[in-house]
Asker: 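Let me give you the structure first, and then I'll get to my questions.
Small disclaimer: the values here were computed from a predicted structure and weren't measured.
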Amino acid sequence: MIRKKTIFMLLLLAQAQQFAFAQPATGKQMKTPWAKDAARTIPLNEYPRPQLVRGNWTNLNGLWDYTIQPKNKGIPDSWKGKIMVPFPVESVLSGVQQKVGPDSLLWYRRTFRIQQNLAGKKVLLHIGAADYEATVLVNGKPVATHKGGYTAFSADITASLKGGNEELLISVWDPTDHGEQARGKQVTHPGGIYYTSVTGIWQTVWFEVVPETYLQSWKTTTDIDQSVVTIRPRVTNAQNNDSVTAAVFFKKKQVAVATVAANEILRLAIPGAQLWSPDKPVLYDVQLAIKRGGKTVDKADGYFGMRNIAVAKDAKGVNRIFFNHEPLFQYGPLDQGFWPDGIYTAPTEQALVSDIRNMKDMGFNMVRKHVKVEPERWYYNCDKLGLIVWQDMPSGYGEIVPVKDHDHSTEGDWMATHYQDVVRSAASEQDFRDEWSSIMQQLHNYTSISVWVPFNESWGQFKTNEILQWTKALDPTRLVDGPSGWIDRGEGDMHDYHLYGSRLDKDFPLENNRALVIGEFGGLGYLDSLHVYDGKVWSYNGYKNTGELLKAYEALMNRIAILKEKGFSAAVYTQLTDVETEINGLITYDRIRRKLLMNQLKQLHGRLYVNGHKELFSSQP
């Protein structure tokens with residue numbers, strides 16, 4: 001989303017006086033209804049990796065020692081206090097609420113015990129995400145380093161274990177907005193469309209005990225035309241004559257099985273395959289097992305959905321997004337994934353799922369996950385509940401396009417001529433490629449993800465067409481949005497416009513090879529004074545009451561219906577929730593108040609999914 005000076009607004013004095021009795025939760029005190037449950041002994045205690053599940057695991061979330069000290073200082077000899085992992089150190093739920101800064105390191109410490117015989121086994125330590133650069137030590141021995149705030153990383157810590165109490169140390173450095181790394185909406189000084197930064201661990205820390213030969217991962221690809229699923233396993237320490245067997249189950253009944261040599265590709269025919277869609281999110285269970293001499297060495301469980309997404313011409317010759325070989329208009333909100341009490345980290349699994357359920361109850365069939373990557377359980381629940389996901393790469397750098405030229409955003413040739421791509425250093429480009437490809441690899445098996453979005457607007461946009469082509473080559477089974485908004489350079493599967501305000505009223509030429517989509521529009525602001533984060537608020541357009549808000553939203557839906565008829569395939573409304581001082585959400589930041597009724601929204605949205613729909617919306621839904 002784009003900052004524009006003329007659309008900043010302050011909470012009017014009269015409004016403040018009118019609601020002076022309200023005692024609103026503000027700033028650092030705002031919490032969600034799940035905050036009280038986040039402080040349990042082991043927060044977020046659900047299995048963190050739904051696509052490769054083993055039973056022998058231990059969650060290390062909970063209270064750790066922490067301290068913050070200068071970068072050039074060594075391992076701490078004392079600790080400042082306790083922090084609740086995995087909540088960011090800046091958050092309420094961490095129990096700390098302190099900024100770190102680029103000149104300091106955030107250190108964590110805890111001990112753990114492994115209550116089993118490790119003969120012939122390995123211990124793998126996993127960290128869901130730590131922003132930005134992490135170093136891990138076990139009993140004083142370095143076991144892992146990792147750069148990138150949005151991807152999981154692991155380490156085999158077996159050789160560093162001593163038996164008894166094991167000491168785990170993790171240090172994290174984060175330059176926030178002082179570097180070129182992916183950071184999304186995080187800034188040192190939040191306001192408007194930019195929000196509080198996070199530092200350090202913000203997803204689950206855990207370990208599992210595995211045999212010396214084990215399933216490290218697998219990659220699943222489905223073909224609905226051939227009714228086939230292809231699985232490419234990755235086995236660590238495979239031995240001669242080891243094999244991998246995959247068994248597929250539907251409603252607990254085995255429907256397919258195949259065996260290949262370890263690390264070869266499995267191809268399984270699914271008889272009468274049922275397809276995954278937002279209306280019917282059918283999933284198949286799968287179990288992979290390594291066999292040696294007739295015995296099972298290792299096994300793990302996962303799942304997949306059969307679905308297809310492509311750009312194709314409809315009966316009138318217009319390029320549309322087809323889902324399972326049928327044109328499907330995709331409509332959903334922009335979802336920032338921020339929380340007032342956990343910032344990047346939802347307080348509980350129930351909180352995480354509540355956002356997805358709200359989107360489904362509002363009648364959305366899609367969501368754009370905006371410049372953030374979620375824990376894998378978020379995608380798992382999108383798979384289960386039936387919500388198509390457009391996944392952004394978190395942005396770095398600033399915008400290429402200055403505020404004064406945003407009105408040229410609908411003039412593709414003008415923008416392309418006047419603004420050149422960023423020139424990244426070789427190291428910076430490699431960091432981008434490493435993190436984006438890791439994100440894509442980590443999330444590949446989640447059925448709901450249907451569109452990759454490498455660039456948001458002009459934020460750090462570089463080598464545009466090369467990166468779009470490279471992204472498509474990494475995953476030809478999904479669409480590539482290129483880029484989302486502003487400086488289009490002709491590549492990608494979709495031409496994506498951001499159309500706030502009067503820009504939505506323009507007409508746009510159809511294209512021979514790409515579908516037209518609206519990656520952002522709307523931004524209708526309404527301040528609920530009982531659920532305000534701060535005294536200063538911001539939106540693209542402000543409304544005094546929910547009646548005015550509904551009328552404005554209906555007008556937008558009328559226009560989206562017209563644009564659909566003229567050839568657009570999707571639209572993304574800004575946005576699902578308020579975020580800090582930004583009040584463009586359909587739900588308040590604390591997730592307590594829905595600004596418009598669910599049935600109103602569901603009725604309005606449902607009309608977008610009817611093929612050939614020409615009727616405009618009435619003012620009485």
Side-chain angles (χ1 to χ4, degrees), residues 28-29 31 35 37-45 48 58-113 125-150 152-153 155 157 160 165-176 178 183 186 188 196-207 339-348 375:
K28 296 180 180 180
Q29 285 72 47
K31 295 181 180 180
D37 298 321
R40 57 190 178 183
T41 305
I42 304 179
L44 295 166
N45 199 23
T58 300
N59 195 332
L60 295 178
N61 291 346
L63 286 175
W64 293 43
D65 299 321
Y66 89 96
T67 196
I68 300 169
Q69 62 182 30
K71 279 182 65 177
N72 57 4
K73 198 172 180 181
I75 295 175
D77 50 20
S78 63
W79 300 90
K80 187 173 182 180
K82 297 291 186 179
I83 184 170
M84 183 65 79
V85 171
F87 300 108
V89 67
E90 295 91 344
S91 71
V92 173
L93 294 178
S94 73
V96 179
Q97 267 189 290
Q98 183 176 339
K99 291 185 177 181
V100 178
D103 297 324
S104 299
L105 287 180
L106 170 61
W107 282 89
Y108 299 83
R109 177 190 178 273
R110 71 157 291 163
T111 60
F112 63 94
R113 295 177 70 91
L125 177 70
H126 304 286
I127 299 173
D131 195 4
Y132 160 70
E133 186 172 330
T135 300
V136 183
L137 300 92
V138 173
N139 296 321
K141 300 176 182 178
V143 297
T145 58
H146 179 77
K147 284 203 307 184
Y150 297 95
F153 60 102
I157 63 172
S160 299
N165 286 329
E166 316 287 355
E167 183 187 57
L168 174 59
L169 294 175
I170 301 175
S171 69
V172 187
W173 172 72
D174 183 15
T176 309
H178 290 74
R183 60 180 181 269
Q186 301 179 64
T188 303
T196 302
S197 61
V198 303
T199 300
I201 298 167
W202 66 275
Q203 291 188 33
T204 293
V205 181
W206 57 292
F207 71 84
W339 300 82
D341 40 17
I343 311 180
Y344 254 21
T345 309
T348 66

Asker: For the atom pair OG1 (Thr67) and CZ (Arg109), what is the distance rounded to the nearest 0.5 Å?
Answerer: 12.5 Å
Asker: List the atom pairs, with distances to 0.1 Å, where a side-chain N or O of residues 73-83 and a protein N or O form a donor-acceptor pair under 3.5 Å, not counting sequence neighbours.
Answerer:
residue	atom	partner	partner atom	Å
Lys80	NZ	Gln98	OE1	2.9
Lys82	NZ	Asp65	OD1	2.7

Asker: What residues, two or more places apart in sequence or in another chain, satisfy ring-ring contact (aromatic ring centres under 6.0 Å, His included) together with Trp206?
Answerer: Tyr47, Trp57, His126
Asker: Do you know the tightest heavy-atom contact between Val172 and Ala130?
Answerer: CG2-CB, 4.4 Å
Asker: Could you pull out all residues at least two apart from Lys147 that satisfy salt bridge (charged side-chain N to carboxylate O under 4.0 Å, His left out)?
Answerer: Asp431
Asker: Look only at the side chain of Asn61 and the backbone of Val205, and say whether a donor-acceptor pair between them is shorter than 3.5 Å.
Answerer: yes
Asker: Could you give the distance from CG (Asp131) to OG1 (Thr199), rounded to the nearest 0.5 Å?
Answerer: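 Reported to 0.5 Å precision, the distance equals 6.5 Å.
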Asker: Is there any ring-ring contact (aromatic ring centres under 6.0 Å, His included) pair reaching into residues 82-111, and which pairs are they, with sequence neighbours excluded?
Answerer: none
Asker: Has Gln186 got a side-chain atom pairing as donor or acceptor with Thr176's backbone, closer than 3.5 angstrom?
Answerer: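 Absent.
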Asker: Mind listing the closest non-hydrogen atom pair of Pro88 and Gly342 along with its distance?
Answerer: CD-O, 3.3 Å
Asker: Without placing hydrogens or testing angles, list every side-chain donor-acceptor pair under 3.5 Å for residues 132-145, not counting sequence neighbours.
Answerer:
residue	atom	partner	partner atom	Å
Asn139	OD1	Glu167	N	2.9
Asn139	ND2	Ser160	O	2.9
Asn139	ND2	Glu166	OE1	2.7

Asker: Rounded to the nearest 0.5 Å, how far apart are CG of Leu125 and CG of Leu60?
Answerer: 7.0 Å
Asker: Show the nearest heavy-atom pair for residues Lys99 and Ile68, with the distance to one decimal.
Answerer: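 Heavy atoms of Lys99 and Ile68 come nearest at O-CD1, 4.2 Å.
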Asker: Nearest heavy-atom pair of Pro347 and Asp341: which atoms, and what distance?
Answerer: CG-OD1, 3.5 Å
Asker: First locate atom OH of Tyr66, then atom CE of Met84, and finally report the distance between them rounded to the nearest 0.5 Å.
Answerer: 13.5 Å
Asker: Drop me the distance from Asn45's CG to Asn59's CG, to the nearest 0.5 angstrom.
Answerer: 4.5 Å
Asker: Can you see which heavy atom on Pro340 is nearest to which on Val92, and at what distance?
Answerer: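 So the two residues come closest at O-CG2, 4.3 Å.
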Asker: Does any part of the side chain of Gln203, heavy atoms only, come nearer than 4.5 Å to the side chain of Pro48, both counted from C-beta?
Answerer: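 Not touching, per the 4.5 Å side-chain cut-off.
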Asker: Work out which heavy atom in Pro175 is nearest to a heavy atom in Pro102; give both atom names and the distance.
Answerer: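 Closest approach of Pro175 to Pro102: CA-CB, 3.8 Å.
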Asker: Taking ring-ring contact (aromatic ring centres under 6.0 Å, His included) as the definition, give me every residue that meets it alongside Trp202, ordered by chain and number, with sequence neighbours left out.
Answerer: Tyr344
Asker: Any non-hydrogen side-chain atom of Ser91 less than 4.5 Å from a side-chain atom of Thr345?
Answerer: no
Asker: So how far is it from Ile201 CD1 to Ile170 CD1, rounded to the nearest 0.5 Å?
Answerer: 4.0 Å
